[in-house]
Amino acid sequence: MGVYELDGRVPLVGEGTYVSPAAHVIGDVRIGEGCWIGPGAVIRADFGPITIGSFTAVEENCVVHCYPDSECVVGEYVTIGHNATVHAARIGDYVTVGMGAVIGVDAKIGTWCIVGEGAVVRSRQEVPPDTVVAGVPAEKIGVMDDAKKKYRMEGKRLYAGLGRRYREGLKPI
């Protein structure tokens with residue numbers, strides 16, 4: 001695992017969580033249980049603390065960071081898509097952040113939101129619960145209904161089981 005203490009701050013990784021050896025988890029980081037942290041992900045809490053809720057996936061090449069005297073909180077059952085950046089934001093439970101999206105400083109994303117691929121949620125922008133946003137800058141393009149939530153939950157369950165699959169089945173050759 002690429003987990004590093006910095007200035008006496010040791011990351012805490014929950015039971016059943018997989019952290020790729022090619023990821024970097026640095027400093028004051030708390031990761032819940034059953035998470036999947038992909039290769040190339042950087043979760044860097046060198047200035048402010050980062051909390052990631054249980055059953056969350058931080059996919060390949062994502063960056064999660066804070067500026068001094070700030071905090072980043074990512075909820076449970078969140079999917080942060082490949083190459084996304086999250087900076088000192090608050091992300092509610094069951095959110096999907098699309099590939100290559102940018103969540104700006106101090107942005108707030110409500111529960112069950114979708115941030116489309118490549119979208120830019122501006123600094124201090126607030127996205128209400130059950131909202132789908134896309135574009136640069138991100139704007140509302142839809143809402144989440146029960147059918148969409150059920151569909152999204154299936155994908156989140158797949159990622160929740162991926163940590164176990166990687167811990168038990170991934171073997172270097």
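- In terms of heavy atoms, Ala101 sits closest to Gly116 at CB-O, 3.8 Å.
- From Tyr151, atom OH reaches atom NZ of Lys156 across 11.5 Å, with rounding to the nearest 0.5 Å.
- Remark: side-chain polar atoms of Ser20 are not paired, donor with acceptor, to backbone N or O of Gly38 under 3.5 angstrom.
- Of all heavy-atom pairs between Ala107 and Arg122, the closest is CB-O, 3.7 Å.
- A salt bridge links Asp28 with Arg30: the distance from a Lys NZ or Arg NE/NH1/NH2 to an Asp or Glu carboxylate oxygen falls below 4.0 Å.
- Taking the centre of each ring, Phe55 and Tyr77 come in below the 6.0 Å mark.
- Side-chain N or O atoms of Ser70 include none that pairs as donor or acceptor with a backbone N or O of Ala88 at under 3.5 Å.
- Of the candidates Ile80, Val97, Ile109, Ile103, Ile80 is the only one forming a side chain to side chain contact (heavy atoms under 4.5 Å, CB included) with Val74.
- With Asp7 contributing its side chain and Arg9 its backbone, the two residues share no donor-acceptor pair below 3.5 Å.
- At least one donor-acceptor pair closer than 3.5 Å links the side chain of Thr56 to the backbone N or O of Gly75.
- The backbone N or O of Glu76 lies less than 3.5 Å from a partner atom in the side chain of Asp93, making a donor-acceptor pair.
- Cluster annotation: Trp112 is connected to Val132 through the hydrophobic network of ILVMFWY side chains, with a link wherever side-chain heavy atoms come within less than 4.5 Å.
- The same ILVMFWY cluster, assembled from side-chain heavy atoms under 4.5 Å apart, contains both Ile50 and Val3.
- No side-chain donor-acceptor contact under 3.5 Å links Arg152 to the backbone of Lys148.
- At a threshold of 4.5 Å between side-chain heavy atoms, the hydrophobic network of Ile, Leu, Val, Met, Phe, Trp and Tyr places Val127 and Val64 in one connected group.
- For the pair Thr17 (side chain) and Cys35 (backbone), a donor-acceptor distance under 3.5 Å is present.
- If you take CD on Glu139 and OG1 on Thr131, they are separated by 13.0 Å, rounding to the nearest 0.5 Å.
- Within the model, atoms CD of Glu60 and CH2 of Trp36 stand 4.0 Å from one another, a figure rounded to the nearest 0.5 Å.
- Distance alone, capped at 3.5 Å, places no donor-acceptor pair between the Glu5 side chain and the Val10 backbone.
- Checked for salt-bridge contact, Lys149 and Asp130 meet the test: a charged N lies under 4.0 Å from a carboxylate O.
- Rounded to the nearest 0.5 angstrom, Ile52 CD1 and Cys72 SG are separated by 7.5 Å.
- Interatomic distance, Glu117 CD to Thr96 OG1, rounded to the nearest 0.5 Å: 10.0 Å.
- The aromatic rings of Tyr166 and Tyr18 sit tilted relative to each other, their planes meeting at an angle between 30° and 60°.
- Here the side chains of Ile114 and Val133 are not in contact, with every heavy-atom distance at 4.5 Å or above.
- With rounding to the nearest 0.5 Å, the separation of OH in Tyr67 from CG in Asp106 is 3.0 Å.
- Counting only heavy atoms from C-beta outward, the side chains of Lys108 and Gln125 never approach each other to under 4.5 Å.
- The two residues Ile141 and Ala134 make their nearest non-hydrogen contact at CD1-CB, 3.7 Å.
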